[in-house]
S.K.: 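If you scroll down you'll find the structure; I have some questions about it.
The basis for the numbers below is simple: all heavy atoms, side chains too, and nothing from hydrogens, waters or symmetry mates.
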Amino acid sequence: MIMALVDKDKRVRTTNDLELTDKLVAVNRVTKVTKGGRAFSFSAIVVVGNQKGIVGWGLGKANEVSIAVEKGKEAAKKSLVKIPLVNGTIPHEQIAHFGGAKVFMKPASHGTGLVAGGAMRAVLECAGVIDVLAKSKGSSNPHNLVKATLQALSQMRDAHTVAKQRGISIEKVFNG
């Protein structure tokens, strides 16, 4: 049972009773050169979601990979957002960019599958999107791709939300 409270800006406030799955997007080895030699540490980008429309991402840094991943999971749980899903796909086309990364997403018919690559695929899988056509353009930096994908997903609105904001019926949204 989902017991999450969603703010008006689509942020999820509580993560109690959420069954979250996590995906490791990227691990980076970072080197700090000191007087005594080189000090190695790791940074990990992790995406978590309940595969029912709630997804978030986090960055963890530590001297060991496993600890960095755990820190990333905890950070991701603090940045959960709710996205609208319509029959396993997204409600409409969306373009977003963050830094040098630009993403384009388009709803797909049932049975198409998840046509996305790399960091976008991890975010969409954790969000619970089953059928979508997605393309990333520009930078392939996983940090910026994850942020651009989440920005695109959080900007989406379903027909009920649009009707409520405009103060009209759902039929008028589709028929003009």
Side-chain angles (χ1 to χ4, degrees), residues 4 6-13 15 18 20-30 41-62 65 68-110 112-162 165:
V6 181
D7 289 339
K8 60 185 172 197
D9 61 345
K10 297 184 182 181
R11 287 251 180 243
V12 178
R13 288 192 305 201
T15 59
L18 282 179
L20 298 174
T21 60
D22 56 86
K23 295 251 184 221
L24 179 63
V25 177
V27 177
N28 235 2
R29 190 177 82 167
V30 182
S41 62
F42 298 91
S43 67
I45 306 169
V46 181
V47 178
V48 299
N50 71 342
Q51 298 181 338
K52 295 177 186 169
I54 294 177
V55 66
W57 78 278
L59 178 66
K61 299 177 182 180
V65 176
V69 171
E70 286 300 317
K71 284 183 175 181
K73 282 183 202 175
E74 292 305 313
K77 289 178 185 177
K78 295 176 185 175
S79 71
L80 293 174
V81 292
K82 175 109 176 87
I83 63 159
L85 292 177
V86 179
N87 298 327
T89 189
I90 56 179
H92 55 82
E93 290 183 7
Q94 189 68 41
I95 297 173
H97 60 88
F98 191 95
K102 185 175 182 181
V103 296
F104 171 73
M105 289 184 270
K106 185 176 181 178
S109 60
H110 183 68
T112 304
L114 187 59
V115 182
M120 286 182 71
R121 175 177 284 275
V123 174
L124 294 168
E125 281 177 353
C126 286
V129 179
I130 300 166
D131 300 305
V132 72
L133 301 170
K135 178 72 179 164
S136 63
K137 301 174 182 177
S139 173
S140 61
N141 180 350
H143 290 270
N144 289 342
L145 275 178
V146 167
K147 291 174 187 175
T149 306
L150 277 167
Q151 182 181 357
L153 290 173
S154 63
Q155 289 174 355
M156 291 194 180
R157 302 182 302 168
D158 60 347
H160 296 289
T161 308
V162 172
Q165 286 175 342

S.K.: Are any of the side-chain heavy atoms of Val81 and Val55 separated by less than 4.5 Å?
M.R.: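 Yes, side chains in contact.
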
S.K.: Where is the tightest heavy-atom contact between Ser154 and Ile83, given as atom of each residue plus distance?
M.R.: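 Scanning both residues, the minimum pair turns out to be N-CG2, 4.3 Å.
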
S.K.: Hey, could you give me the OG1/NZ distance between Thr149 and Lys147, rounded to the nearest 0.5 Å?
M.R.: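 Spacing of OG1 (Thr149) from NZ (Lys147) equals 12.0 Å.
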
S.K.: Would you please test Arg121 and Leu114 for side-chain contact (heavy atoms from CB on, under 4.5 Å) and show each step?
M.R.: CA-CA 7 Å; Arg121 175 177 284 275; Leu114 187 59; 4.0 Å; yes

S.K.: Look up atom OG1 in Thr21 and atom CG in Asn50, then write down how far apart they are to the nearest 0.5 Å.
M.R.: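 If we round to the nearest 0.5 Å, Thr21:OG1 and Asn50:CG are 8.0 Å apart.
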
S.K.: Quick test of your reading: applying side chain to side chain donor-acceptor pair (under 3.5 Å), list the pairs with at least one residue in residues 88-108, sequence neighbours left out, ordered by first then second residue.
M.R.: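 Every side chain to side chain donor-acceptor pair (under 3.5 Å) pair that includes a residue of residues 88-108, provided the two are not neighbours, is Gln94-Gln155.
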
S.K.: Over all heavy atoms of both residues, which pair between Gly58 and Ala76 is shortest? Give the atoms and the distance, please.
M.R.: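 Answer, listing the atom of Gly58 first, then Ala76: N-CB, 3.5 Å.
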
S.K.: Output the distance between atom CD1 (Ile90) and atom CD1 (Ile130), rounded to the nearest 0.5 Å.
M.R.: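 CD1 of Ile130 is found 13.0 Å from CD1 of Ile90.
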
S.K.: For a quick test of reading the model, state the closest non-hydrogen atom pair linking Asp131 to Gly113 and the distance between them.
M.R.: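 So the two residues come closest at OD1-N, 2.9 Å.
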
S.K.: Do the charged groups of Lys77 and Glu74 touch, with an N to O distance under 4.0 Å?
M.R.: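 So Lys77 pairs with Glu74 through a salt bridge.
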
S.K.: With rounding to the nearest 0.5 angstrom, report the CD to CG distance, Gln51 to Leu85.
M.R.: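 That separation rounds to 11.0 Å.
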
S.K.: Side chains of Met120 and Met105: does their closest heavy-atom pair fall under 4.5 Å?
M.R.: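 Yes; the side chains approach each other to less than 4.5 Å.
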
S.K.: Can you tell me how far the CD atom of Glu70 sits from the CG atom of Asp22, to the nearest 0.5 Å?
M.R.: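 Rounded to the nearest 0.5 Å, the CD-CG separation comes out at 8.0 Å.
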
S.K.: Specify the closest pair of heavy atoms between Pro84 and Met156, including all atoms of both residues, with the distance to one decimal.
M.R.: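 Here Pro84 and Met156 meet closest at CG-O, 3.5 Å.
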
S.K.: What pairs with Ser140 under side-chain contact (heavy atoms from CB on, under 4.5 Å), at least two apart in sequence or on another chain?
M.R.: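 Partners of Ser140 by the side-chain contact (heavy atoms from CB on, under 4.5 Å) criterion come out as none, since no residue qualifies.
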
S.K.: Please find the pair of heavy atoms, one from Val25 and one from Ala122, that lie closest to each other, and give the distance.
M.R.: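 Residues Val25 and Ala122, closest heavy atoms: CG2-CB, 3.9 Å.
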
S.K.: Taking all heavy atoms of Leu124 and all of Ala116, pick out the closest pair and write down the distance.
M.R.: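 Closest pair (atom of Leu124, atom of Ala116, distance): CD1-CB, 4.0 Å.
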
S.K.: Distance from Cys126 atom SG to Leu150 atom CG, nearest 0.5 Å?
M.R.: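 Taking SG in Cys126 and CG in Leu150, the distance rounds to 10.0 Å.
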
S.K.: Distance-only, no hydrogens or angles: does the Ser79 side chain make a donor-acceptor pair with backbone N or O of Trp57 under 3.5 Å?
M.R.: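 It does hold such a pair.
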
S.K.: Evaluate Glu125 against Val47 for side-chain contact (heavy atoms from CB on, under 4.5 Å), listing each step before the verdict.
M.R.: CA-CA 9 Å; Glu125 281 177 353; Val47 178; over 6 Å; no

